[in-house]
Protein chains: 2
Amino acid sequence: MARNIQSLERAAAMLRLLGGGERRLGLSDIASSLGLAKGTAHGILRTLQQEGFVEQDDASGRYQLGAELLRLGTTYLDVHELRARALVWTDDLARSSGESVHLGVLHLQGVLIVHHVFRPDDSRQVLEIGAMQPLHSTALGKVLSAYDPVAHSEVLEGERKAFTERTVCTLDDFEGVLDITRARGYAADVEETWEGVASIAAPIHDRRRMPVGAVGITGAVERLCREGELRPELIAAVRDCARAVSRDLGAVRF
Amino acid sequence: MARNIQSLERAAAMLRLLGGGERRLGLSDIASSLGLAKGTAHGILRTLQQEGFVEQDDASGRYQLGAELLRLGTTYLDVHELRARALVWTDDLARSSGESVHLGVLHLQGVLIVHHVFRPDDSRQVLEIGAMQPLHSTALGKVLSAYDPVAHSEVLEGERKAFTERTVCTLDDFEGVLDITRARGYAADVEETWEGVASIAAPIHDRRRMPVGAVGITGAVERLCREGELRPELIAAVRDCARAVSRDLGAVRF
DNA sequence: GGTAGGTGTTCGACAATGTCGACCGATGGA
DNA sequence: TCCATCGGTCGACATTGTCGAACACCTACC
């Protein structure tokens, strides 16, 4: 039994299918997408539904993700060591920089946002906790790609899509960006992912000097840059925050 | 095959166990807690780990919840019809009332918070999306118990714990509270769950007049009450918001 | 109004599948 | 150093999940 449990893998694939594509999917769609018999797919869905991982629309009979996932997902945040240590430091960074702060970790082929502090003004902002960002174009992603070998191989294997005309896509250029990132100790994204938006990020290490995540600020390019250059005081603030969280992680044993 | 898939039920029980109890659990603890052989538990955990639902601490070998749950949980929010319709109305409610706004739906034996708008000031607040609230003591919970038959039976069967000395616990008294709630069309919680905190909530109905959730405000009892009574303008604001969301839901067909 | 094609669901037979318990090497506390 | 306990592995067994056909139901379209 060295292999993995088949029914569980299929159930996970169903959840990913429901989460990735359309809002709601019918049983036949799901079964054919995964290459399963309808009866088999139904059995798995029925169990997932009873456990709360999947809900079924009474009217149409279609399936969608269930509330239990939200409950467990936030429980994951509560347990998250890095996030707990970073809470207070990211608050300070948001206040001192005046920009929104993101804390990200490597997950699959991207950066999973595990904490998000709103920009300290009254503008309407959407919470991005739980969202994914690409590895090759964002500041958080570049930092992880530069310091985490797993992230590095993921970003090399994956497709590097051009979101704007400034996105670095070719392999050589991107490796150069990572070299610069390692040399400077931080990474930047000036309109490489979203038009008009820039970000700065620095790596967080644990007590064994292993990279465990990245923290950074994101905001309008006009605010983060001055005369075409990133404002040095913002870079310093981000790096100070990353160092503070790293120190916090290194001091604790569990 | 009228029964559910055994390995899936066991995997779900593991996730609930990991989410509910201690931060991290060892293989033997998990196996004995669920009454499984170690080998069986290991096979399930290995698959869950590969799918990202569970992570293993390298140093101690213990297991905890995985990042994929967070990603799928937020995807659930994106798909959530009620939440999407309510976003703009809850923002307005927070601004007009000056208090934090919660949107909740029935899940298991409690209220699952699916949206949370911070009180519009600069105080530090923690996000409560994904958290659970009790049915019998909070305004959101009372509204759901009064209007949703499923919630009603859940709250009758479950234990009604006394969080403060004002919590209504006995069956007769609680049924009286629900009668009043139905008669007035809203529910309140004045220091029945947390000392010094009050809340007001009203039900949201879909186009078939079925209750699908509740919306409410929460804040210091000194602000929500005046001369021992809930401020009428706040009650009106909450009910207006609930009606607006209900109308929004009723108008749309999908 | 009836039919045709779609849905989600149930059922029974089969064998592939997951389960069990003993065993292994590593770890760490006494 | 020893012993207890940890997580992980392996192979035999039969329980368990899988498959495909048939079912009831609904919608939409001739």
Side-chain angles (χ1 to χ4, degrees), chain A residues 1-18 21-66 79 207-208 252-254, chain B residues 1-15 17-18 21-66 79 207-208 210 252-254:
Chain A
M1 204 195 80
R3 282 164 55 195
N4 287 334
I5 293 182
Q6 187 187 50
S7 56
L8 265 183
E9 286 182 333
R10 289 172 169 179
M14 275 185 200
L15 292 178
R16 250 180 279 118
L17 183 68
L18 286 171
E22 301 300 318
R23 304 168 68 94
R24 290 171 184 161
L25 290 174
L27 171 63
S28 304
D29 300 331
I30 298 173
S32 64
S33 294
L34 300 178
L36 299 176
K38 270 201 300 182
T40 305
H42 178 65
I44 296 175
L45 281 169
R46 173 158 32 84
T47 310
L48 285 175
Q49 182 183 10
Q50 181 178 300
E51 302 293 338
F53 292 98
V54 153
E55 292 172 1
Q56 187 175 22
D57 185 44
D58 291 337
S60 64
R62 295 184 127 96
Y63 294 91
Q64 63 180 40
L65 295 181
V79 181
R207 63 183 175 286
R208 286 172 307 210
V252 65
R253 284 207 62 91
F254 46 88
Chain B
M1 204 193 83
R3 283 164 56 194
N4 287 334
I5 293 181
Q6 187 187 50
S7 56
L8 266 183
E9 285 181 333
R10 289 173 169 177
M14 275 185 200
L15 292 178
L17 183 68
L18 286 170
E22 301 301 318
R23 304 169 67 95
R24 292 174 182 159
L25 291 174
L27 172 62
S28 303
D29 298 331
I30 296 173
S32 63
S33 293
L34 301 177
L36 299 176
K38 271 201 300 183
T40 305
H42 177 65
I44 296 175
L45 281 170
R46 173 157 34 84
T47 309
L48 286 175
Q49 182 183 9
Q50 181 179 298
E51 301 292 338
F53 292 97
V54 153
E55 291 172 0
Q56 187 175 21
D57 186 46
D58 292 336
S60 63
R62 295 186 127 96
Y63 294 91
Q64 63 178 46
L65 295 181
V79 180
R207 63 183 175 284
R208 286 173 306 210
M210 296 296 291
V252 66
R253 284 207 61 91
F254 45 90

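These numbers come from the heavy atoms of this one structure, side chains and all, not from hydrogens, waters or symmetry mates. So you know, we letter chains A, B, ... as the sequences are listed, proteins then strands, and number each from 1.
For the pair B:Gln64/B:Asp57, no side-chain contact is recorded, criterion being any heavy-atom separation below 4.5 Å from C-beta on.
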Assess the residue pair B:Leu25 and B:Tyr63 against the criterion (side-chain contact (heavy atoms from CB on, under 4.5 Å)); give the C-alpha distance rounded to whole Å, side-chain angles, the decisive distance to 0.1 Å, and a yes or no.
CA-CA 5 Å; B:Leu25 291 174; B:Tyr63 294 91; 5.7 Å; no
Show your reasoning for whether side-chain contact (heavy atoms from CB on, under 4.5 Å) applies to A:Leu34 and A:Arg10.
CA-CA 8 Å; A:Leu34 300 178; A:Arg10 289 172 169 179; 5.6 Å; no
Where do A:Ile30 and A:Leu36 land on the side-chain contact (heavy atoms from CB on, under 4.5 Å) test, with the steps shown first?
CA-CA 8 Å; A:Ile30 298 173; A:Leu36 299 176; over 6 Å; no
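Applying the side chain to side chain contact (heavy atoms under 4.5 Å, CB included) rule to B:Glu9 yields the partners A:Thr47, A:Gln50, A:Glu51, B:Asn4; only residues at least two apart in sequence or on another chain are considered. In this view, A:Leu15 and A:Leu48, A:Phe53, A:Val54, A:Leu65, A:Leu69, B:Phe53, B:Leu72 satisfy the side chain to side chain contact (heavy atoms under 4.5 Å, CB included) rule, not counting sequence neighbours. Scored by the side chain to side chain contact (heavy atoms under 4.5 Å, CB included) test, A:Arg62 finds A:Arg24, A:Asp29, A:Ser60 as partners (sequence neighbours excluded).
Taking atom CD on A:Gln6 and atom P on D:dT15, their separation rounds to 20 Å, with Å as the unit. In this structure, A:Leu8 places its CG atom 15 Å from P of D:dT16, rounding to the nearest Å. Atom CG in B:Leu36 sits roughly 6 Å away from atom P in C:dC20 (whole-Å rounding). Spacing between atom CE of A:Met14 and atom C1' of D:dG17 amounts to 12 Å, rounded to whole angstrom units. Regarding B:Glu9, its CD atom lies at a distance of 18 Å from the P atom of D:dT15, rounded to whole Å. In this structure, B:Leu48 places its CG atom 16 Å from P of D:dG7, rounding to the nearest Å. Per the geometry, CD1 belonging to A:Ile5 stands 12 Å off P belonging to C:dT17, to the nearest Å. Nucleotide C:dA16 holds its P atom 20 Å from the CG atom of A:Asn4, rounded to whole Å.
In terms of phosphate contacts, A:Thr40 brings a side-chain nitrogen or oxygen within less than 4.0 Å of OP1 or OP2 of D:dC19. Taking 4.0 angstrom as the limit, A:Arg10 places a side-chain polar atom (N or O) nearer than this to OP1 or OP2 of D:dC19.
Of all nucleotides listed (C:dC20, D:dG17, D:dG20), D:dG17 comes nearest to the side chain of B:Ser7.
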5' to 3', nucleotides 5-10 of chain C under a 4.0 Å protein heavy-atom cut-off (B base, S sugar-phosphate only, - none) gives --SBBB
